[in-house]
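Data first, discussion second: the structure below is written as structure tokens.
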Amino acid sequence: MDFAMTAVRTALNGASYVAPRLAGGAAFRLFRKPRGRSRLRPDERPLTDRAEVGEIVVGGGKAVSYRWGTGARPVLLVHGWESRGSRFAPLVSELLDLGLSPVTFDAPGHGDATGETMTIVDLRDIIAELDARHGPFEMVVAHSLGVTATFLALREGGARQSRQSRLVRTQRPVRTERLVAISGVPDFAYLVDRFCERLGLRARLNAELRGRVERELFPGEEDIWSRFSVPRTVPEAGPASVLVVHDADDDMVDPACSRALADALGDRAELVVTSGLGHRRIIGDPQVTASVRDFVVRERAARVGRAAGRPDPSPRPAAG
């Protein structure tokens with residue numbers, strides 16, 4: 001733990017003894033806002049400059065969307081916390097080579113979007129809106145918190161906000177044939193628990209933070225701790241095939257989270273475990289990009305074969 005985190009831990013834990021609500025408010029402000037914006041990297045710019053750019057009004061800001069290809073066989077790429085859509089650049093290039101049409105975005109408080117922060121509900125609504133504009137998506141690739149939000153959109157759909165009338169209309173649940181879940185967080189409560197664990201905060205602050213999440217982030221939302229968790233949100237009519245990817249050396253999200261996700265999905269899931277990549281580098285890693293490419297090709301061939309009445313020529317590989 002670095003000096004800044006040690007100072008924060010000491011200040012918050014000390015304040016929690018004499019002013020727990022004040023300390024809880026400070027912890028909540030740290031929890032709900034990204035520490036900074038991920039910047040566009042030089043090697044991502046050429047691909048980003050080729051994208052068709054749009055915007056989506058959601059929550060407290062405007063998300064920025066990026067679209068490539070002809071529109072045929074669309075694929076949605078969903079980033080996580082403190083990230084941005086351009087981090088998928090290596091995968092975008094691979095998908096374009098396969099004749100697919102990638103779509104991604106920067107959520108509020110991230111990348112080139114406006115606003116200061118986002119919630120899982122904002123991500124859900126962005127996913128649903130992009131599905132309405134460009135879907136149905138042949139595949140969705142999601143990372144970290146984006147995995148949790150994707151499963152929520154698959155079960156609930158989202159809310160669509162009109163720029164003119166400001167009326168909110170409910171969207172239908174999102175549908176997709178395939179899903180790639182990278183470094184996902186199946187249990188929504190894990191986000192709070194892991195935040196407190198990393199800062200070394202007392203149990204009293206954990207309870208205070210949970211209360212503020214309920215009251216201030218999601219007022220009026222019912223049962224958020226189970227409703228926003230993946231095992232509750234895996235729909236029976238969800239994707240037929242799911243590639244679950246996690247790095248053994250992830251220090252932000254325990255790899256056990258992806259094992260739990262694969263277990264919840266049963267026969268629909270294939271689990272791939274990498275090493276040495278951590279939580280963020282895994283998105284653009286060549287090995288992971290190749291695994292996603294193989295997943296697309298294999299599942300596409302299997303579907304064509306089934307349509308022609310032929311047996312699946314390429315069974316799923318064992319986890320590795």
Side-chain angles (χ1 to χ4, degrees), residues 20-21 23-34 58-61 63 78-83 107-110 115-129 131 140 142-161 168-174 179 181 183-199 201-236 238 252-254 256-258 260-261 263-265:
R21 294 187 64 183
F28 177 69
R29 287 190 292 275
L30 287 174
F31 175 79
R32 72 181 300 268
K33 289 187 179 181
V58 61
V78 184
H79 72 76
W81 188 251
E82 295 179 349
S83 188
H110 294 70
E116 295 184 345
T117 190
M118 68 172 178
T119 69
I120 187 174
V121 171
D122 293 333
L123 278 179
R124 179 203 66 185
D125 293 347
I126 293 169
I127 292 167
E129 176 62 20
D131 180 67
V140 178
H143 176 247
S144 193
L145 181 62
V147 175
T148 323
T150 296
F151 276 104
L152 188 61
L154 290 173
R155 187 172 71 89
E156 295 186 355
R160 188 178 189 183
Q161 194 166 11
V168 175
R169 302 184 296 279
T170 302
Q171 299 277 69
R172 62 176 176 78
V174 172
L179 172 64
S183 309
V185 183
D187 184 358
F188 186 63
Y190 179 89
L191 298 171
V192 173
D193 292 343
R194 184 61 175 148
F195 173 82
C196 292
E197 179 186 343
R198 285 175 65 86
L199 282 178
L201 302 183
R202 298 174 60 225
R204 183 168 186 174
L205 278 174
N206 185 303
E208 177 69 23
L209 182 54
R210 286 186 183 226
R212 286 180 179 270
V213 169
E214 294 169 357
R215 296 189 304 272
E216 299 183 38
L217 276 189
F218 305 108
E221 299 279 359
E222 297 182 357
D223 196 22
I224 63 171
W225 304 108
S226 59
R227 178 179 150 218
F228 292 169
S229 295
V230 169
R232 261 291 286 279
T233 62
V234 176
E236 290 299 322
M252 295 186 67
V253 178
D254 193 320
C257 289
S258 282
L261 172 58
D263 288 344
L265 291 166

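Note: hydrogens, waters and symmetry copies are ignored here, and every other heavy atom, side chains too, is used.
Ring-plane geometry between Phe188 and Trp225 is classed as tilted, the angle between the planes lying from 30 to 60 degrees on a 0 to 90 degree scale.
Scanning for side-chain contact (heavy atoms from CB on, under 4.5 Å) contacts around Pro34 gives Trp81, Glu82, His110, Thr117, with sequence neighbours left out. Taking Tyr190 as the reference, nothing meets the ring pair (Phe, Tyr, Trp, His ring centres under 6.0 Å) condition, with sequence neighbours excluded. Partners of Asp131 by salt bridge (Lys or Arg N to Asp or Glu O under 4.0 Å), not counting sequence neighbours, listed by chain and number: Arg172. Partners of Asp193 under the side-chain hydrogen bond (donor to acceptor under 3.5 Å, both in side chains) rule, at least two apart in sequence or in another chain, are Asn206, Arg210. Checked against side-chain contact (heavy atoms from CB on, under 4.5 Å), Ala256 has the following partners two or more places apart in sequence or in another chain: Asp254, Arg259. Applying the side-chain contact (heavy atoms from CB on, under 4.5 Å) test to Glu116 and every residue at least two apart in sequence or in another chain returns Lys33.
In plain terms, the two heavy atoms of Ser229 and Asp187 that are nearest each other are OG-OD1, 3.4 Å. Across all their heavy atoms, Cys257 and Gly184 have their closest contact at CB-O, 3.6 Å. What you find for Gly61 and Pro108 is that their closest heavy atoms are C-CG, 4.3 Å. Closest non-hydrogen pair, Glu221 versus Val121, comes out as OE2-CG2, 4.4 Å. Taking each heavy atom of Ser144 and Gly80 in turn, the nearest pair found is CB-CA, 4.3 Å. Heavy-atom minimum distance, Val147 versus Ala142: CG2-O, 3.4 Å.
Here the OG1 atom belonging to Thr148 is positioned 6.0 Å from the CG atom belonging to Leu191, to the nearest 0.5 angstrom. Taking CG of Leu261 as the start and OG of Ser183 as the end, the distance is 11.5 Å to the nearest 0.5 Å. In this structure, the separation between CD1 on Ile224 and CD1 on Ile120 is 9.5 Å, given to the nearest 0.5 Å. The structure places CG of Leu145 at 5.0 Å from CE of Met118, a figure rounded to the nearest 0.5 Å.
Annotation: side chain of Arg212 is not in contact with side chain of Arg32 (no heavy-atom distance under 4.5 Å). Here the side chains of Arg198 and Met252 are in contact, with some heavy-atom distance below 4.5 Å.
A centroid separation of 6.0 Å or more is found between the aromatic rings of Phe228 and Phe151.
With Asp125 contributing its side chain and Asp122 its backbone, the two residues share no donor-acceptor pair below 3.5 Å.
Ion pairing between Arg124 and Glu156 holds under the 4.0 Å rule for side-chain N and carboxylate O.
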